[in-house]
Amino acid sequence: MTTPRTGGSDPAAIAAGSAPSGAGGTAADGRCPPVAEVVVDIVAPDVDRVFHFLVPPGLRDRLEVGHRVTVPFGPRRVEGTVVGFTEQPGVPPERLRPIAALRDPVPVLTPALIDLARWMEDRYLCLFVQALRAMLPPGARGDRVRLAPRRWVRLLLDPAEARHRAETLARRAPRQAAVLERLAQAAPAAVPQGPLLAAAGAGPEAVKALARKGWVAVEEREPEPDEPAAASEPAARPPALTPEQAAAWRRLEAALAAVLGDAAAGDAPPSGGGVAARRGRGTGPGAARGGPAPEPAAFLLHGVTGSGKTEIYLRAIAAALARGRGAICLVPEIALTPQTVARFRARFGSRVAVLHSAMTPAQRLATWRAIRAGRKPVVVGARSAVFAPVPNLGLIVVDEEHETSYKQEEAPRYHAREVALARARLEGAMVILGSATPAVETYHRALEGELGLLELGRRIGERPLPAVEIVDMRREFGLGHRALFSRRLVDLLRQRLAAGEQVLLFLNRRGYHTVLLCRECGFVLRCPHCDVTLTVHQLASGRRVCRCHYCDHRQVPPALCPRCGGVALHPFGLGTQKVEEAARRLFPGARIQRMDADVTARRGTHEAIYRRFAAGQIDILIGTQMIAKGWDVPGVTLVGVVSADTALHMPDFRRQERTFQLLEQVAGRAGRGPRRGLVLIQTYSPDHPCLQAVARHDYRAMYRLEAAERRELGFPPFGHLIRAVVAGPERAPVEQAASRLAAAWRRAVDEAAVPGARVTPAAPAPIERLRGRWRWHVLARAVDGAALRAATRAVMERLREAWPRDVQVQLDVDPFSML
DNA sequence: AGCACGCCGACT
DNA sequence: GTCGGCGTGCTC
């Protein structure tokens with residue numbers, strides 16, 4: 001998967017500075033050395049290294065590390081990234097060809113980000129070019145996006161005067177008149193030329209003519225990222241802190257001063273300065289171990305929901321800004337709502353850039369450039385915002401750090417939290433990881449002293465956490481109550497509805513376990529491509545359709561069982577639709593709404609349902625994960641978890657952690673208002689220690705459970721995992737290749753004597769077929785992650801010779817999903 | 001990854 | 001006789 005390359009992938013090389021010539025950009029005299037090191041945009045192990053190109057005279061004083069270029073490559077031209085400069089390339093000079101073109105006026109990446117890409121290559125066993133790609137704004141690649149600035153037209157006349165002239169112009173030049181008319185309406189604001197011309201039914205020549213007359217001016221602007229001008233004034237004063245918050249803030253403030261320097265000193269490194277200047281200044285998260293070091297440079301802020309973590313983030317960001325440093329705040333995609341953004345804008349005004357998945361490539365690119373230019377020192381965004389090219393970065397906040405959406409599930413399969421810690425180390429910045437239910441891995445680091453631990457155990461205003469009640473469904477069943485809702489849940493629902501209060505009914509996943517099952521022979525309908533059970537969905541027309549959750553294969557349910565020919569083939573299991581039906585039957589008068597991936601497939605529905613719910617127009621809202629996050633509705637006094645069992649029995653070593661996080665999250669939806677909330681959990685395992693921990697809101701109890709189990713089995717944080725997926729169009733070569741890989745891998749860890757290493761035999765992946773490809777996998781585990789990675793790299797290198805065609809290996813370091 | 005070069009089967 | 005299959009090798 002990886003190839004050795006100049007600069008190497010030895011982690012030590014990173015700290016020592018692996019840019020071969022050490023050149024961090026254009027030299028002080030404005031000239032760069034004559035040969036540029038370029039990584040081309042081709043994802044293939046063979047070319048995943050530096051190639052050398054001559055810098056043409058015209059680019060001598062402009063080219064910098066991080067620039068995107070077009071280079072001649074064999075018979076064609078490809079795009080690439082400048083990652084360094086050198087005096088002596090390891091190739092004979094006559095083979096060097098010049099760079100063909102510069103693609104961007106300003107480098108898209110910073111030198112520090114290129115160092116980070118090297119770290120990622122080593123840490124995630126991905127290609128260097130894959131790491132670089134992850135850092136580019138979608139749109140920087142290819143020439144699809146228009147790089148030219150957008151034109152805006154401004155009226156230079158008084159609006160009344162303009163209308164008058166438009167009238168006289170109407171006969172001879174109706175297009176120009178229409179343009180003038182619209183500009184007069186918008187005056188004194190400028191108007192984007194494109195929409196203006198479309199609305200006026202005119203062409204660009206109309207504007208040109210008006211400009212010649214001196215009546216209008218054309219301005220060129222970068223495409224503006226959406227930014228409500230109204231909210232750009234920073235708020236007057238931040239709210240006062242609770243005593244707990246104040247104590248946490250004192251420690252953080254001291255650490256910020258230690259790591260970033262004194263606010264007054266104004267010793268911030270020059271913006272855009274090479275990373276070399278800053279390297280070694282920062283105290284890495286590990287630095288606290290040696291000697292009487294003060295505070296570590298990274299913290300875990302463990303605070304229950306409603307304890308005021310965000311206020312701490314905002315203050316820390318303000319402190320970084322005061323020192324002339326920038327900040328990135330990562331939030332899970334789902335939390336990137338207008339409310340979140342508004343909060344940042346209220347505090348930092350137009351200095352905030354928001355990176356949204358919904359942005360167009362052009363907006364994204366414009367935002368990226370504004371960040372790179374230092375005009376937006378505060379960046380808020382989801383996973384990939386960890387790569388925002390903030391010059392002179394001082395702080396990275398990772399909110400809800402336990403969220404699985406921080407793990408990227410395609411190559412490079414990085415985890416934004418880990419990248420944040422590495423980036424902060426490279427750039428001498430601080431990190432704050434925040435969560436009400438930290439990942440076990442993170443909490444372990446905090447207990448080990450690798451992270452500073454700040455705990456907020458109380459909610460602001462001393463509001464109590466919701467009460468949790470567990471219902472034993474075995475008993476219900478034994479007593480002949482076989483309905484979806486226990487008697488207790490029905491009682492509570494009735495009470496709440498009578499009192500005019502709102503209820504959330506939560507289910508693990510949409511349609512999960514609603515399979516087509518034959519009650520005579522046990523046959524279950526599966527996807528012909530993906531080897532998972534199909535899920536039964538009810539269409540609006542009343543017809544049923546069976547769908548695969550992985551590849552979206554659809555088919556009409558067969559009337560008779562394909563195996564035994566019997567007539568007992570029926571949907572079986574728990575889905576949101578079933579819950580909805582049951583609720584409607586029980587409470588025909590109630591206003592009931594279901595919300596899951598099916599319902600919200602149409603864009604905008606999510607927000608619409610939220611608004612109706614918040615406005616009290618829905619009594620019972622039934623939904624999956626998506627109702628668990630961020631919804632703050634004071635009218636909710638009851639949350640019913642229809643079944644906790646699916647979460648609890650997932651085939652996953654993190655299942656207890658995940659169950660705890662999930663249930664705490666849904667519990668957080670109850671009792672945001674004046675009345676204390678109640679959470680009712682239905683389960684067939686009422687004595688399960690994890691559920692007992694949830695009932696007491698006892699994070700540490702869950703942590704101890706998980707830690708004991710994982711230590712025993714050598715799972716993270718007590719060991720490191722690497723998963724290899726072997727995939728190809730035919731089964732036999734895949735199986736054979738996977739077996740060879742497993743054998744070679746085991747031999748490699750044995751030879752290298754990697755401590756505590758274990759390699760599983762090759763096995764079919766839980767989803768053996770996906771999108772028409774066969775998949776087998778192998779899992780390796782070891783105590784020493786770096787040693788395991790080194791051995792893995794060596795194996796891949798060796799296997800690359802004589803590897804069957806059409807068979808690929810994907811490596812996943814620290815995997816989350818094992819499917 | 002692409003794209004050239006190169007060496008063996010059925011077609012205007 | 002040639003068009004075209006995809007195996008092998010290379011790209012500063």
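A, B, ... follow the sequence lines: proteins, then strands. Residue 1 opens every chain.
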Enumerate the protein-to-nucleotides 5-9 of chain C contacts in which both atoms are nitrogen or oxygen and the separation is below 3.5 Å.
none

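- Within a 6.0 Å sphere centred on CD of Gln88(A), heavy atoms belonging to other residues, nucleotides or ligands number 12 at most.
- Taking the charged nitrogens against the carboxylate oxygens, Arg417(A) and Glu441(A) have no contact shorter than 4.0 Å, which rules out a salt bridge.
- Between Tyr124(A) and Trp119(A), the ring planes are perpendicular. Angles over 60° get that label, and only those under 30° would be called parallel.
- When the side-chain nitrogen and oxygen atoms of Arg97(A) are compared with OP1 and OP2 of dC12(C), one or more of them lie within a distance under 4.0 Å.
- For the pair Arg123(A) and Tyr414(A), the NZ or CZ position fails the cation-pi test of under 6.0 Å to the six-membered ring centre and within 45 degrees of the ring normal.
- Taking the ring centre of Phe816(A) as origin, the terminal cationic atom of Arg654(A) falls inside the region bounded by 6.0 Å and 45° from the ring axis.
- With hydrogens and angles ignored, the 3.5 Å screen pairs no side-chain donor or acceptor of Asn392(A) with any backbone N or O of Arg325(A).
- Remark: the Gln555(A) side chain and the Arg547(A) side chain contain no N/O donor-acceptor pair separated by less than 3.5 Å.
- Summarising the local packing, CD of Gln736(A) is surrounded by 12 or fewer heavy atoms from other residues, nucleotides or ligands at distances under 6.0 Å.
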- Task: Indicate for each nucleotide in nucleotides 1-8 of chain B, in 5' to 3' sequence, whether protein heavy atoms under 4.0 Å reach the base (B), only the sugar-phosphate (S), or nothing (-).
- Result: BBS-----
